[in-house]
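Bear in mind that the values here come from a model prediction, so they are computed numbers and not experimental data.
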Amino acid sequence: MNETSSAASDDSRLVGWRAVAVEMVEGARDAVLRFPVTAATLFLLAVNANLLITDIRGFWGGDDDLMLPLFAAASASLAACIILEARSTPSLLRHGAALLAGLAAFAISWWDHLSGVEHWSYAAALCGLMLVAPALGGRSAGAFWLFMVRFAFAALVSLLALFLFAGGISAILASLTYLFGIDVPHNAYEHVWAVTGLLAAPLFGLGRIPANLDDEPGADAKKFMALGMKALGDYVAAPLILIYALVLHAYALKIVLTGDVPRGQIGWLVLAFGLSIFAALIVIHPFLSAARAPTRLFLRLWPFVLPVPLVLLFYALWLRVGDYGLTPERYLLGLFGVTVAVTLLLQIPRSMRSDIRILAGLPTIALFLASFGPQGEVLTSVRSQEARFREAVRIKPVDEGRNRQALAALSFLQRHDAVGRVAPESIAKVDANGKSKTGDTLYNEVADAYGLDRSWRRGLNDRYFSKSFNQPVAMPIEGFDLVIPNLRILGKPSAPTPVKLPDGATLTFAMQGGEVLVTIGSEAAIFKFDDAALREFVDSRDEAAHPLKLSDGRRTIMMLPETAYGDLKPELNLRTLTGTLFLHSAEWK
């Protein structure tokens, strides 16, 4: 009787609310014990986010720059732990290596000026490393494929947990406000989503990462998924990729016959083509033995349809780098081309042919190594653009073509805080207060020191301009006695902006054909910009705005811009203008 009661009690516990709570706690505990460094880093990430939400400015009074370094540390520590798990490394050594990997990843992201890290590619590479970790740990292709599927499922479950848990709590808090009038602080919702998204949901997913890295797709799993994967390979992947290959080869033939040069986007088309092939091979890997005619044709041909697109890619890069220098985007395209070429060479040994561990692991490692350091995309591109700038200004005076080349290179260096690399010794890199000069200030001084015409900073193919000013400016108002702040002068289809004057009259402002249309009562006046002043305003790199005067022939208004947007081609034309307007009140009576 007692044994029966005990068994019944155990059964009820396994299906009751207590069992759910115990399972959640045990899952989180298992995740913490298996990945302690990753769990600790996620905790710090969540704490830092909540400090930012409460305006305490994160750890050490800093800002949100810690978010990416902590994410990098969590990702790197997890990848290192899984790699060493795959090699059956003792737990103490595994956790120590995870800690070192996390610290190294944190340092690379935190000291980004020294490491030259490109944050988006660094984050993408770290996410990829987590996914391909078992392959780097020496597991079979089948086991690696199954791990990726289970890892993707764990990520999906984490995402669902985020929306269900955080969304449910947010709905409860909103109900308290709308139904009972209880005031819930607005940042309470942000705290809920931050804690759930950065700690609870990731821990939930970590607990579902498979511990046995040797499992391979079984017969049941293959049977369950084979129909869908066969359809994907036969009806989608194989036909579309082969048609894509025909298009690229036809384009290459056109270049050979006509002597035309590749268009600027050919590199991205080849990138998409190569990634599509790699993704299709990885997805259909477990079902290759049962592949039907379209997929078998694709499997036989894929190594032979890549060389010609690769030649197109390298030819296009050679032209672009020769004309415009190296940039991170061109660096990554070239790196992808080299990676694909190496992958093709690795298809020669039969043992490595169509090995998805190579298809997934080699690009991930290449992207990781390219995302930071002196060999990385940023610092390599900076050195290229520095050399391009020095070559352009080597011969004085600088002609128009080399002036344009120098300013383009200088703009690139400015975007990467590297203008100081080409600054003459006569130019101070800090201001009177000991602070580093801002990008525009140093840009202007360097350009002027080399005798460059800064009005040519825009590219030949630029069609639009956009300007924004946030620096304070002191200026004489020259007898204007009415001020209209925060005025928005917009073109169609936006409605005109009405402004009521102190005497009761109403003015409306609209942009029409690059000119300002001002209406008062039944009278409409067209105020035109001075062409030279407008061109100087558009081409200037000054941080503070300069006033623009407009006239309709008998009245004058003056605008101190805050933002401006318009066309450069086929002619200079303002579309929108916002800022502070000055009027002579006597002219509007």
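In terms of heavy atoms, Phe314 sits closest to Gly334 at CE2-O, 4.0 Å. The minimum heavy-atom distance between Leu198 and Ala49, with the atom names listed, is CD1-CB, 3.5 Å. Nearest heavy atom pair, residue Ala533 against residue Leu548, reads O-CD2, 4.1 Å. For the pair Ile241 and Ala280, the tightest heavy-atom approach, listed with the atom from each and the gap, is CD1-CB, 3.9 Å. A pairwise comparison of heavy atoms in Ala73 and Thr41 identifies CB-CG2, 3.7 Å as the closest pair. Between Ala545 and Leu560, the shortest heavy-atom distance links the atoms O-CD1, 3.9 Å.
Remark: Arg388 CZ to Ser381 OG distance equals 12.0 Å, nearest 0.5 Å. Rounding to the nearest 0.5 angstrom, the gap separating the CE atom in Met67 from the OG atom in Ser109 is 11.5 Å. Here the CG-CZ distance, from Leu326 to Arg320, works out to 14.0 Å after rounding to the nearest 0.5 Å. Here CE of Met511 is found 7.0 Å from OG1 of Thr576. Values are rounded to the nearest 0.5 Å. To the nearest 0.5 Å, atom CG of residue Leu310 and atom CG of residue Leu344 are 6.0 Å apart. In this structure, NE2 on His95 lies 9.5 Å from OG1 on Thr38, to the nearest 0.5 angstrom.
Taking 4.5 Å as the limit, some side-chain heavy atom of Val419 sits within range of a side-chain heavy atom of Leu410. Put simply, the side chain of Cys81 does not reach to within 4.5 Å of the side chain of Val37, judged on heavy atoms. Annotation: side chain of Pro561 is not in contact with side chain of His546 (no heavy-atom distance under 4.5 Å). The shortest distance between side-chain heavy atoms of Leu346 and Asp355 does not fall below 4.5 Å. At a threshold of 4.5 Å between non-hydrogen side-chain atoms, the residues Glu562 and Leu577 do not count as touching. At a threshold of 4.5 Å between non-hydrogen side-chain atoms, the residues Phe106 and Leu103 do not count as touching. Taking the side chain as every heavy atom from C-beta outward, Ile82 and Pro134 approach each other to under 4.5 Å. Put simply, the side chain of Ile266 reaches to within 4.5 Å of the side chain of Leu248, judged on heavy atoms.
Remark: side-chain polar atoms of Asn403 are paired, donor with acceptor, to backbone N or O of Asp453 under 3.5 angstrom. Listed for the Trp145 side chain is a donor-acceptor partner under 3.5 Å among the backbone atoms of Ile282. No donor-acceptor pair under 3.5 Å is formed between the side chain of Arg357 and the backbone N or O of Ala135. Within the 3.5 Å criterion, the main-chain N or O of Gly514 finds no donor-acceptor partner in the side chain of Arg575. Formation of a donor-acceptor pair under 3.5 Å by the Gln347 side chain with backbone atoms of Thr343 is found in this model. Judged by distance alone, with hydrogens and angles left aside, the side-chain atoms of Ser115 form a donor-acceptor pair with the main-chain N or O of Ile108 at under 3.5 Å. In this structure a side-chain-to-backbone donor-acceptor pair under 3.5 Å is present from Ser276 to Ala272. Side-chain N or O atoms of Ser75 include none that pairs as donor or acceptor with a backbone N or O of Ala72 at under 3.5 Å. When atom types are taken as modelled, the side chain of Ser158 and the backbone of Ala201 share a donor-acceptor pair closer than 3.5 angstrom. Glu377 contributes no side-chain N or O that, together with a main-chain N or O of Glu329, makes up a donor-acceptor pair within less than 3.5 Å.
In this structure, Tyr244 and Phe273 have perpendicular ring planes: the angle between them is above 60°, well past the 30° mark. Using cut-offs of 30° and 60° for the angle between ring planes, the Phe372 and Tyr122 rings count as perpendicular.
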Please assess His416 against Leu379 for the test side chain to side chain contact (heavy atoms under 4.5 Å, CB included), listing each intermediate value before the final yes or no.
-> CA-CA 9 Å; His416 292 86; Leu379 292 184; over 6 Å; no
For the pair Glu391 and Arg394, evaluate salt bridge (Lys or Arg N to Asp or Glu O under 4.0 Å) and give the outcome as yes or no after the intermediate values.
-> CA-CA 5 Å; Glu391 177 61 26; Arg394 182 173 56 86; 3.0 Å; yes
Go through Val117 and Trp111 one step at a time and tell me if the side chain to side chain contact (heavy atoms under 4.5 Å, CB included) criterion holds.
-> CA-CA 9 Å; Val117 66; Trp111 286 291; over 6 Å; no
Yes or no on side chain to side chain contact (heavy atoms under 4.5 Å, CB included) for Phe336 and Leu275, after CA distance, side-chain angles and deciding distance?
-> CA-CA 9 Å; Phe336 172 76; Leu275 291 179; 3.9 Å; yes
List the steps, then state whether side chain to side chain donor-acceptor pair (under 3.5 Å) holds for Thr578 with Thr563.
-> CA-CA 5 Å; Thr578 69; Thr563 64; 2.5 Å; yes
Side chain to side chain contact (heavy atoms under 4.5 Å, CB included) evaluation trace for Ile209 with Phe147 | CA-CA 8 Å; Ile209 293 178; Phe147 173 85; 3.8 Å; yes
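Between Leu136 and the options Leu84, Ile365, Thr364, a side-chain contact (heavy atoms from CB on, under 4.5 Å) holds for only Ile365.
Taking 4.0 Å as the cut-off between side-chain N and carboxylate O, Arg383 and Glu386 do not count as a salt-bridged pair. A salt bridge links Asp399 with Arg402; the closest basic N to acidic carboxylate O contact falls under 4.0 Å.
No more than 12 heavy atoms of other residues, nucleotides or ligands sit less than 6.0 Å from atom CG of Asp531. Other residues, nucleotides and ligands place no more than 12 heavy atoms under 6.0 Å from the CD atom of Glu536.
Remark: Lys467 is not positioned above the aromatic ring of Tyr565, lacking an NZ or CZ atom under 6.0 angstrom from the ring centre and at most 45 degrees off the axis.
A search for ring pair (Phe, Tyr, Trp, His ring centres under 6.0 Å) contacts involving Phe389 returns Tyr450, not counting sequence neighbours.
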